[in-house]
Amino acid sequence: MKLFSSVNDVKDVPALVAEALQLKKDPFAFQHLGKNKTLSLVFLNPSLRTRMSTQKAGANLGMNVIVLNIDKEGWALELRDGVIMNGTTVEHIREAAGVMGEYSDIIGVRSFPGLKDRDEDYSETIFNKFVEFCKVPVVSLESATRHPLQSLADLVTIEELKTVSRPKVVLTWAPHIKPLPQAVPNSFAEWMCKADVDFTIAHPAGYGLCADFTNSAIITHNQDEAIKDADFIYVKNWSAYEPYGAITGGNEDWMLNNDKLKIAPKAKIMHCLPVRRDLELSSEILDGPQSVVIHEAGNRVWAAQAVLKQMLEVL
Amino acid sequence: MKLFSSVNDVKDVPALVAEALQLKKDPFAFQHLGKNKTLSLVFLNPSLRTRMSTQKAGANLGMNVIVLNIDKEGWALELRDGVIMNGTTVEHIREAAGVMGEYSDIIGVRSFPGLKDRDEDYSETIFNKFVEFCKVPVVSLESATRHPLQSLADLVTIEELKTVSRPKVVLTWAPHIKPLPQAVPNSFAEWMCKADVDFTIAHPAGYGLCADFTNSAIITHNQDEAIKDADFIYVKNWSAYEPYGAITGGNEDWMLNNDKLKIAPKAKIMHCLPVRRDLELSSEILDGPQSVVIHEAGNRVWAAQAVLKQMLEVL
Amino acid sequence: MKLFSSVNDVKDVPALVAEALQLKKDPFAFQHLGKNKTLSLVFLNPSLRTRMSTQKAGANLGMNVIVLNIDKEGWALELRDGVIMNGTTVEHIREAAGVMGEYSDIIGVRSFPGLKDRDEDYSETIFNKFVEFCKVPVVSLESATRHPLQSLADLVTIEELKTVSRPKVVLTWAPHIKPLPQAVPNSFAEWMCKADVDFTIAHPAGYGLCADFTNSAIITHNQDEAIKDADFIYVKNWSAYEPYGAITGGNEDWMLNNDKLKIAPKAKIMHCLPVRRDLELSSEILDGPQSVVIHEAGNRVWAAQAVLKQMLEVL
């Protein structure tokens with residue numbers, strides 16, 4: 001693999017999931033692959049799970065890992081072409097990415113969307129420029145519109161914990177107080193559409209995702225109907241795709257609680273984290289037997305390690 | 001060892017001190033213990049010595065070390081239960097610690113007290129919640145009320161440098177301009193009370209430490225009497241325990257200088273650092289032959305390494 | 001080597017360049033030298049290339065690398081002697097450097113000039129105090145007046161890419177909107193004066209560098225004359241040496257573009273980066289065939305590795 005930016009970069013999704021689960025059993029079997037290879041993890045935005053799990057995945061593979069919080073340790077990058085750089089940006093992404101490529105065998109990049117200009121965010125300018133100019137394999141650590149390492153870990157978790165061959169998986173919108181990106185739900189949707197699951201998306205009117213990511217999903221505004229008898233319920237807030245980045249009040253009743261879960265007694269509750277307790281998801285669920293959110297976060301290591309391994313194999 | 005939060009977690013204090021001194025002689029003898037083990041060092045507050053010495057101790061033991069300044073690289077954590085998270089905190093410590101535990105074999109945590117609410121600080125809420133939710137062995141990198149790695153390094157230093165079998169050790173309060181935590185003096189006091197030393201604490205009226213930490217110590221308001229013929233003088237400022245966090249002026253004469261040291265000509269001068277020169281401790285002492293503060297800081301490596309080794313042995 | 005602060009610390013410049021080029025061919029041949037050795041990289045100012053390339057160089061040599069952004073992860077350092085530390089500085093450089101030395105076999109330090117007080121900057125107080133108090137070998141990661149790892153990488157690049165035995169090398173001033181240090185041009189000048197090149201410096205009136213660094217260079221205010229038929233053109237802005245730190249407008253025509261380069265058709269264009277596009281240097285040059293800036297940045301690894309190797313050999 002030379003690029004991991006979406007499910008479309010994966011030739012064989014079930015094989016990648018199987019590889020992740022195999023690495024979970026035997027994490028240190030491939031340290032020869034990463035020996036004397038440098039993995040640079042470049043963050044333009046904060047991170048906890050992605051940072052730690054990918055750093056650990058690289059180390060498990062024997063790699064030298066460099067973490068750079070460029071927003072804090074470095075300086076502001078210019079992303080636009082054709083501008084005279086006489087403002088606050090100190091370095092152009094052409095040079096910054098090019099130089100990082102000189103020091104790295106593989107680069108991971110995180111960059112959040114601005115949520116102001118939909119065309120700009122959905123064109124994935126920053127991520128794509130990084131890929132273009134660094135000239136080495138790149139792993140998305142979450143970009144403006146996708147979070148594929150999260151979605152791979154989610155699919156690994158479903159594969160690991162499912163009790164029926166084709167589980168019912170539901171992505172349900174959850175309340176929040178701030179406008180959040182659509183990256184996690186977009187990505188989860190496009191991975192589920194390629195997985196052997198029955199996939200439903202439930203959200204209030206006005207929160208429809210971009211259709212490019214949801215093509216084979218059932219979409220409903222009825223949360224109860226959606227989650228009934230689900231095997232997995234993926235909880236996540238996102239802001240509107242149209243008007244872009246908007247949030248509207250009045251949907252507080254979309255927060256799952258134990259009462260709502262009575263119609264989904266077998267359902268395992270997933271969330272990418274961080275989660276705001278009792279706003280997005282009730283504490284009683286998070287602390288109860290149906291939550292698998294910590295286990296799911298743990299699987300981030302094996303997802304990252306499977307991707308890095310496939311990249312190292314073709315370096 | 002599964003937890004290192006205070007001297008009470010140590011079964012055999014002299015054996016731990018001996019282990020630290022042995023590791024100082026032969027730092028790399030136990031790299032097999034840490035191979036493919038991950039040590040995560042999580043800082044909610046700044047650090048220089050603790051960060052560098054513990055990172056080095058982990059590397060000496062062959063561990064993969066992840067450093068996370070969660071206050072800067074991550075986001076604000078919610079510590080309270082039962083609140084709707086619709087404010088500025090992004091993630092609850094239950095999830096944050098739980099997830100870090102998934103990625104770590106051992107975790108080190110630093111979290112300073114607020115110095116506003118004594119009950120809250122002395123209940124060690126943050127540290128204890130971290131321990132509870134991460135579910136892996138935890139080393140305190142300084143908590144609200146204790147700094148045990150510092151105290152172990154201090155005892156190692158005393159053991160290493162003492163010229164009599166039972167030295168006279170004095171902890172003396174020093175002036176400062178800001179209210180500082182009681183963690184270092186609390187911890188030093190409880191370690192000295194368990195060590196084979198004559199232990200005296202000297203401080204101005206109003207700066208008495210919590211009695212839980214000082215049970216067998218001689219306590220005096222007379223600095224001269226305390227330091228007379230001392231073998232080791234430990235200099236440190238702290239704010240009042242009662243009223244909690246208060247500082248009062250007028251004790252500038254508690255700063256040690258060479259004139260005062262005439263009655264303690266053999267005394268080795270210790271300080272945990274950072275030290276404010278000519279406010280807490282005179283430059284003439286810090287730059288003179290009686291100061292052992294740099295040597296003491298160097299011993300932080302062996303203290304951390306001894307603790308980590310004992311944790312690795314029972315993983 | 002015990003100190004790398006300027007070209008004057010290098011006994012045999014051509015041998016060091018040759019060593020860097022040899023390490024580029026065989027990067028991992030000397031991992032035994034760095035095994036169980038700690039390299040601490042201490043940043044008082046931001047960094048991208050220096051941070052990543054030196055971290056990688058240390059890892060290539062088998063070293064354990066600790067990165068500390070002391071301005072962000074730690075606290076403000078006091079640099080002056082004889083002051084009562086009752087202000088905002090938390091620790092004196094005497095203790096901070098001394099302690100870091102305890103944890104490190106080699107230390108790299110970055111500290112920019114204030115550009116207010118020339119005598120203070122040119123006396124290299126911070127860097128020299130660091131060297132004095134840490135008591136281990138120190139590599140400059142850019143100090144107030146020099147950036148020797150950059151200059152070594154520059155010379156390595158010239159040696160690698162030159163097509164004549166004694167190339168014509170030109171350092172040309174470039175426009176900027178902020179006062180920048182003289183460290184890179186000072187350092188480049190003193191390295192070129194020791195190299196087997198024809199060296200010319202071109203700058204507008206008022207931007208003369210300190211003569212200590214430029215002794216054998218031809219200095220001119222005529223950029224066209226300078227760059228004519230050059231083999232290498234090094235582009236860099238700097239603020240005035242006299243009056244110190246000043247910038248004056250009206251020299252925008254000093255920015256190189258393809259039209260200007262017609263008289264230097266073979267010239268390879270160098271810049272230490274970061275570069276402000278279309279302010280310091282035109283995009284058409286940076287994206288064109290004459291630019292070697294990314295390649296030059298890549299050579300930072302081998303420059304750092306050659307210096308670290310020579311230090312490790314005499315530890």
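Basis for what follows: all heavy atoms, side chains included, without hydrogens, waters or symmetry-related copies. Letters A, B, ... mirror the listed sequences (proteins, then strands); counts begin at 1.
- Contact of the B/Trp302 side chain with the B/Lys25 side chain is not registered, since no non-hydrogen atoms from C-beta on lie closer than 4.5 Å.
- The contact between C/Asn64 and chain B is made entirely by side chain atoms (from C-beta outward), counting heavy-atom distances below 4.5 Å.
- For the atom pair CG (C/Leu61) and CE (C/Met311), the distance works out to 12.0 Å, reported to the nearest 0.5 Å.
- Between B/Trp254 and B/Trp173, the ring planes are perpendicular. Angles over 60° get that label, and only those under 30° would be called parallel.
- In this structure a side-chain-to-backbone donor-acceptor pair under 3.5 Å is present from B/Glu73 to B/Asn69.
- Counting heavy-atom pairs closer than 4.5 Å to chain C, the top-ranked of the candidates B/Val65, B/Asn299, B/Leu273, B/Val301 is B/Leu273.
- Relative to the six-membered ring of C/Phe30, C/Lys309 meets both conditions, a distance below 6.0 Å and an angle of at most 45° to the axis.
- Highest contact tally toward chain C, considering only B/Arg276, B/Arg300, B/Gln31, is held by B/Arg276 [criterion: heavy-atom pairs under 4.5 Å].
- For the atom pair C/Leu77 CG and C/Asp71 CG, the distance stands at 9.5 Å (nearest 0.5 Å).
- The greatest number of non-hydrogen atom pairs below 4.5 Å with chain C, out of B/Leu48, B/Val293, B/Leu286, B/Val67, is found for B/Leu48.
- Your options are B/Ser47, B/Pro27, B/Ser282, and the one with the most heavy-atom pairs under 4.5 Å with chain C is B/Ser47.
- For a residue to count as touching a neighbouring chain, one of its non-hydrogen atoms must lie under 4.5 Å from one of that chain's; by this rule C/Thr89 touches chain B with the backbone only.
- In this structure, the portion of C/Lys35 lying under 4.5 Å from any heavy atom of chain B is its side chain and not its backbone.
- Your options are C/Met100, C/His92, C/Arg94, and the one with the most heavy-atom pairs under 4.5 Å with chain B is C/Arg94.
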* To do: Take B/Arg110 and B/Thr50 through the side chain to side chain donor-acceptor pair (under 3.5 Å) test and state the conclusion after the steps.
  => CA-CA 9 Å; B/Arg110 161 164 290 196; B/Thr50 301; 2.9 Å; yes

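- Interface check for chain B: of the options C/Val90, C/Asp81, C/Asn36, the most heavy-atom pairs under 4.5 Å are formed by C/Asn36.
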